[in-house]
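All values reported here derive from a predicted model rather than from experimental measurement. Here is the naming used below: chain letters follow the sequence lines, and residue numbers restart at 1 for every chain.
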Amino acid sequence: SQQGEEDPQALSIQEGENATMNCSYKTSINNLQWYRQNSGRGLVHLILIRSNEREKHSGRLRVTLDTSKKSSSLLITASRAADTASYFCATDNYGQNFVFGPGTRLSVLP
Amino acid sequence: NAGVTQTPKFRVLKTGQSMTLLCAQDMNHEYMYWYRQDPGMGLRLIHYSVGEGTTAKGEVPDGYNVSRLKKQNFLLGLESAAPSQTSVYFCASSTGTGRTQYFGPGTRLLVL
């Protein structure tokens, strides 16, 4: 079974609104990463958060990690049409290979 | 730097045919990976390599073989293609376990 599960599966918002996606996982992790995939393209790394970190920022992105709940969230503030993409979380389980979740499809409407 | 490149971009095969997908990276990364992505699912690891001359099985290795004869190249082979192997294949590379992975643009494969 997959380690990471994103929620919701799909999200549709208006430009300028904030978008929040969640990721839950099952076993202890070393770090968790978020990736973006534009339609028909490869994945692009967004941000990495280590197991001893609780929050991390990068531009309009804010990632939180709650290891007690085995969950992470990705917040995109002031969304733009260009943010339309699928977003995946990937967990690193202490040297094992990454496990990617099924992703959240975000649509930002102009 | 070109990053990670994949050849070909798109291919149609008949059941039973064979083919090789080529991945090349110019970042001097030790680790390379092959994934497949099916609709509604995340990426699933097929095979990976932790250095030149090494390969290892991932989550879904059956029906595929790989080779890493040169550090910059990672080849994925299908000896006898099946319709279940219709998918989008992504190659990625990284400097090590748990590090950021850099992805190629993907190869769309259709097996009839």
> Once the angle between the rings of B:Tyr35 and A:Phe100 is folded into 0 to 90°, is it parallel (under 30°), tilted (30 to 60°) or perpendicular (over 60°)?
Replying inline: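 Rings of B:Tyr35 and A:Phe100: perpendicular, over 60°.
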
> Side chain, backbone, both or neither: which part of A:Leu48 has a non-hydrogen atom closer than 4.5 Å to chain B?
Replying inline: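 Looking at A:Leu48, just its side chain touches chain B.
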
>> At a 4.5 Å cut-off on heavy atoms, which part of A:Gln9 comes close to chain B: side chain, backbone, both, or neither?
In response: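 Nothing of A:Gln9, per the 4.5 Å heavy-atom cut-off to chain B.
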
Answer yes if the side chains of [X] and [Y] hold a donor-acceptor pair under 3.5 Å, and no otherwise.
| X | Y | result |
| --- | --- | --- |
| A:Thr64 | A:Ser73 | yes |
| B:Ser49 | B:Trp34 | no |
| B:Tyr64 | B:Tyr89 | yes |

Using non-hydrogen atoms and a 4.5 Å limit, figure out which bit of [X] sits close to chain A: side chain, backbone, both or neither.
| X | answer |
| --- | --- |
| B:Gln101 | both |
| B:Tyr31 | neither |
| B:Tyr33 | side chain |

> Is any side-chain heavy atom of B:Phe74 less than 4.5 Å from a side-chain heavy atom of B:Leu22?
Replying inline: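 When only atoms from C-beta onward are counted, B:Leu22 and B:Phe74 do not touch, as no gap falls below 4.5 Å.
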
>> Among B:Arg108, B:Gln6, B:Gln37, which residue has the highest count of heavy-atom pairs closer than 4.5 Å to chain A?
In response: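 Winner by heavy-atom pair count: B:Gln37.
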
